[in-house]
Visitor: 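Next up is a structure, given as structure tokens.
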Amino acid sequence: MRPACLNGAPCPPFPLRAVDLSFRRAAGGPLIMGVMFDFDGAAPPLASLRARIATRAHHIPSLRYRLRRSDRKAYAAGRFEPGTHVLQVLVSRRGQFDAARRQILTRPLPEDRPSWDVWLIRCAEESFTVCFRSDHALRDGIAAASILRLLIEDEPGHWSPRSPQSARVSLRGVAAALGQSARAMRPLTPAPAFAGAESGTPQLFHRDLPMALLRGAARAHGATVNDVYLAALSEAVHRRHQEGTHQGHPPMPVTVPLSVRGRAQATLVGNALVGVRLTLPCKDSGGVEGALHAVTAQTRRLRAIDYRGSARLVLDALPRRAGARLALRVAGAGPVGLLASNMDCGPTLTLFGLPASQAQLFSAPADGLRCYTALTGYDSHARLTVVHDGSLTGMPCLGEHWVAAVRELADAPRASEAAAEVVRSAPSRRTGRPR
């Protein structure tokens with residue numbers, strides 16, 4: 001990524017990097033992604049929101065860039081009218097929000113101007129959503145969240161994303177990244193839970209939990225929130241599959257994007273991501289606690305060998321076409337059961353005096369990928385978003401099973417303590433007194 005339009009200078013062309021090209025090729029055109037903030041209360045007038053965004057967008061150079069279908073470079077638009085990017089959709093009741101979100105997920109991005117827009121989803125029942133959409137080839141989730149906050153927040157600039165814990169490079173990390181590359185070229189058997197003919201019509205739903213629940217489960221097991229999220233997904237896939245087939249689900253590869261975006265790069269054009277394949281144990285885990293142990297063992301090793309920085313070095317060292325092919329193979333499409341993102345959207349955001357109640361990262365599934373999940377943290381809230389192909393039935397059950405598995409992990413230490421207390425209070429065989 002490079003700085004652009006500094007001090008009023010002309011915006012230079014931006015050559016797409018390998019990871020940017022991979023998102024372009026994944027959908028054969030623009031792959032829509034974005035971020036939403038939900039609010040309780042009366043929506044602001046569209047004119048007021050449009051005026052705020054139009055004023056602020058001129059100070060975010062990356063919003064000027066556009067990309068045509070055959071381009072390998074992004075170019076800044078000579079004429080930039082951000083007010084035309086702000087749109088509105090009306091729903092009569094809260095139950096129609098998901099339908100409106102699905103509509104926004106599938107609606108094409110503008111082709112005659114920079115490929116982003118902001119939607120105000122206004123509900124007659126005193127609630128609304130503000131949604132930022134973009135071509136994924138031009139920015140990732142962290143950039144989208146940073147930009148939307150700068151565009152709409154009452155007092156922007158108080159939050160910026162955390163820099164990755166480590167961008168170091170190690171020989172073991174490079175070897176692991178090359179090993180990932182070699183494994184990505186092997187044929188894989190499609191995951192049974194997500195196999196079958198595609199309908200091409202994405203569906204979307206979400207489930208909410210307090211972030212404290214995930215953090216408590218992570219602390220109790222010596223894991224991270226991301227580990228808890230993935231372990232609960234592993235158990236949820238197994239339970240949903242077992243309900244439909246009465247069989248356990250085999251271990252399943254999943255692609256996890258890792259950010260390499262520094263704090264100072266929050267809004268720059270381009271994706272700052274590397275991907276890694278992990279294996280969710282599903283039926284072979286021995287329950288959700290076993291799944292957490294299996295996931296944690298994999299993620300600890302990645303941190304120990306500095307995988308994040310090493311993988312970026314390997315990806316950047318390859319020719320762009322080869323790097324794009326590799327990034328697509330790691331994502332895996334059909335053979336990879338799902339792509340699982342995880343992102344923090346920062347502390348409370350206020351818009352015209354109203355605090356946002358939730359945040360949500362989303363992306364349309366790439367060609368051949370049947371399911372995309374995202375865990376979005378915002379203030380004290382967490383939201384699991386699932387975008388899946390319409391041919392997959394019973395998918396809302398996956399969300400319910402995920403919530404149940406997270407709660408089981410959070411409750412497991414208390415259950416262990418209660419069992420230990422029962423043992424301690426049981427009479428000793430030798431003395432007859434409590435131990």
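The analysis underlying the following values was restricted to heavy atoms, covering all of them including side chains, and did not include hydrogens, waters or symmetry mates.
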Visitor: Can you tell me how far CG of Asp20 sits from CG of Leu138, rounded to the nearest 0.5 angstrom?
Guide: 7.5 Å
Visitor: Using modelled atom types only, decide if a donor and an acceptor are shared between the side chain of Arg261 and the backbone of Gln265 within a distance under 3.5 Å.
Guide: yes
Visitor: Do Phe194 and Met252 touch side chain to side chain, with heavy atoms closer than 4.5 Å?
Guide: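 Yes - at least one pair of side-chain heavy atoms lies under 4.5 Å apart.
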Visitor: Whether the side chain of Arg133 engages the backbone of Ile104 through a donor-acceptor N/O pair (distance < 3.5 Å, no angle test) should be reported.
Guide: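 Judged by distance alone, yes, a pair lies under 3.5 Å.
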Visitor: For His221 and His293, take the angle between the two ring planes, folded into 0 to 90°, and tell me which bin it lands in: parallel under 30, tilted 30 to 60, perpendicular over 60.
Guide: perpendicular
Visitor: Donor-acceptor pair, Tyr229 side chain versus Ser341 backbone, under 3.5 Å?
Guide: yes
Visitor: Short question: side chain of Tyr307, backbone of Val276 - any donor-acceptor pair under 3.5 Å?
Guide: no
Visitor: Would you mind telling me which of Phe132, Trp116, Trp119 makes a ring-ring contact (aromatic ring centres under 6.0 Å, His included) with His85?
Guide: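 Single pass found, and it is Trp116.
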Visitor: What I'd like to find out is whether the side chain of Leu148 reaches to under 4.5 Å of the side chain of Leu349, using heavy atoms alone.
Guide: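 No, every pair of side-chain atoms sits at 4.5 Å or beyond.
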Visitor: Indicate yes or no: at least one non-hydrogen side-chain atom of Arg149 is less than 4.5 angstrom from one of Pro347.
Guide: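 Yes - at least one pair of side-chain heavy atoms lies under 4.5 Å apart.
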Visitor: Closest heavy-atom contact between Pro110 and Pro114?
Guide: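 Closest heavy-atom pair between Pro110 and Pro114: CG-O, 3.8 Å.
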Visitor: When you compare the side chain of Asp117 with that of Leu109, does any pair of heavy atoms fall below 4.5 Å?
Guide: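 Yes, side chains in contact.
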Visitor: Take Met36 and Arg101, measure what side chain to side chain contact (heavy atoms under 4.5 Å, CB included) needs, and give me the verdict at the end.
Guide: CA-CA 9 Å; Met36 304 181 189; Arg101 290 185 176 108; 3.4 Å; yes
Visitor: Verify whether one side chain among Ser357 and Asp38 offers a donor that lies under 3.5 Å from an acceptor in the other.
Guide: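 The answer is no; no qualifying pair exists.
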Visitor: So do Leu375 and Leu233 actually touch side chain to side chain, heavy atoms under 4.5 Å?
Guide: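 No, their side chains stay 4.5 Å or more apart.
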Visitor: Using the salt bridge (Lys or Arg N to Asp or Glu O under 4.0 Å) rule, take Arg312 and Asp306 through it: C-alpha gap first, then chi angles, then the decisive distance, then the call.
Guide: CA-CA 11 Å; Arg312 184 175 191 181; Asp306 301 311; over 6 Å; no
Visitor: Measuring only between side-chain heavy atoms, which start at C-beta, is Val256 closer than 4.5 Å to Leu258?
Guide: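 The answer is yes, as the side chains (C-beta and beyond) meet within the 4.5 Å cut-off.
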Visitor: With rounding to the nearest 0.5 Å, note down the distance linking CD in Gln242 to SG in Cys282.
Guide: 11.5 Å
Visitor: Nearest 0.5 Å, please: how far is OG1 in Thr106 from CD in Gln103?
Guide: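 Going from the CD atom of Gln103 to the OG1 atom of Thr106 covers 7.0 Å.
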Visitor: Is a side-chain donor-acceptor pair under 3.5 Å present for Gln358 with His206?
Guide: no
Visitor: Describe, in one word, how the ring planes of His241 and His249 are oriented to each other, choosing from parallel (under 30°), tilted (30 to 60°) and perpendicular (over 60°).
Guide: perpendicular
Visitor: Passes side chain to side chain contact (heavy atoms under 4.5 Å, CB included), Leu384 versus Leu209? Steps please.
Guide: CA-CA 8 Å; Leu384 173 74; Leu209 278 177; over 6 Å; no
Visitor: Just checking, Arg207 and Trp402: is the charged tip under 6.0 Å from the six-membered ring centre and within 45° of the axis?
Guide: no
Visitor: Write down the atom of Leu273, the atom of Ser259, and the distance for their closest heavy-atom approach.
Guide: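 Residues Leu273 and Ser259, closest heavy atoms: CD2-CA, 4.0 Å.
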Visitor: Provide the closest heavy-atom pair for Gly377 versus Asp344 in the form atom of the first, atom of the second, distance.
Guide: O-OD1, 3.3 Å
Visitor: Under the 3.5 angstrom rule, does the side chain of Arg113 hit a backbone N or O of Arg66 as a donor-acceptor pair?
Guide: no
Visitor: Which heavy atom of Ala193 sits nearest a heavy atom of Val237, and at what distance?
Guide: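 Heavy atoms of Ala193 and Val237 come nearest at CB-CG1, 4.0 Å.
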Visitor: Just checking, any donor-acceptor pair under 3.5 angstrom between side chains of Arg370 and Ser391?
Guide: yes
Visitor: List the atom of Asn271, the atom of His136, and the distance in Å for their closest heavy-atom pair.
Guide: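 Taking Asn271 first and His136 second, the nearest heavy atoms are ND2-O, 2.6 Å.
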Visitor: Check whether any side-chain heavy atom of Val225 sits under 4.5 Å from a side-chain heavy atom of Arg215, and report yes or no.
Guide: yes
Visitor: Show the nearest heavy-atom pair for residues Ala364 and Leu31, with the distance to one decimal.
Guide: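 Minimum heavy-atom separation between Ala364 and Leu31: O-CD1, 3.3 Å.
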Visitor: Between Thr348 and Pro355 (side chain of the first, backbone of the second, donor and acceptor by atom type, cut-off under 3.5 Å), is there such a pair?
Guide: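 Not a single qualifying donor-acceptor pair exists.
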Visitor: From Thr373 OG1 over to Leu398 CG, what is the distance, rounded to the nearest 0.5 angstrom?
Guide: 8.0 Å
Visitor: Could you walk me through whether Leu213 and Arg407 pass side chain to side chain contact (heavy atoms under 4.5 Å, CB included), step by step?
Guide: CA-CA 7 Å; Leu213 199 68; Arg407 293 191 181 279; 3.6 Å; yes
Visitor: Check step by step if side chain to side chain contact (heavy atoms under 4.5 Å, CB included) holds for Leu230 and Gln298.
Guide: CA-CA 11 Å; Leu230 294 174; Gln298 296 175 72; over 6 Å; no
Visitor: Any sub-3.5 Å donor-acceptor pair from Ser234's side-chain atoms to Ala291's backbone N or O?
Guide: no
Visitor: Any non-hydrogen side-chain atom of Tyr378 less than 4.5 Å from a side-chain atom of Gln360?
Guide: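 The answer is no, as the side chains (C-beta and beyond) never meet within the 4.5 Å cut-off.
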Visitor: How long is the gap from CZ on Arg56 to CG on Leu150, to the nearest 0.5 Å?
Guide: 8.0 Å
Visitor: With distance as the sole test, does Thr296 use its side chain to make a donor-acceptor pair with the main-chain N or O of Ala223 at under 3.5 Å?
Guide: no
Visitor: Looking only at atom types and distance, does a side-chain atom of Asp379 sit under 3.5 Å from a main-chain N or O of His381, one as donor and one as acceptor?
Guide: no
Visitor: The criterion is ring-ring contact (aromatic ring centres under 6.0 Å, His included); which residues satisfy it with His238, sequence neighbours excluded?
Guide: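 By the ring-ring contact (aromatic ring centres under 6.0 Å, His included) rule, His238 matches no residue at all.
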Visitor: Check whether any side-chain N or O of Arg24 sits under 3.5 Å from a backbone N or O of Asp135 as a donor-acceptor pair, and report yes or no.
Guide: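 Between the backbone of Asp135 and the side chain of Arg24 there is no qualifying donor-acceptor contact (under 3.5 Å).
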Visitor: Just how far is it from atom CD1 of Ile121 to atom CG of Leu87, taken to the nearest 0.5 Å?
Guide: 11.5 Å
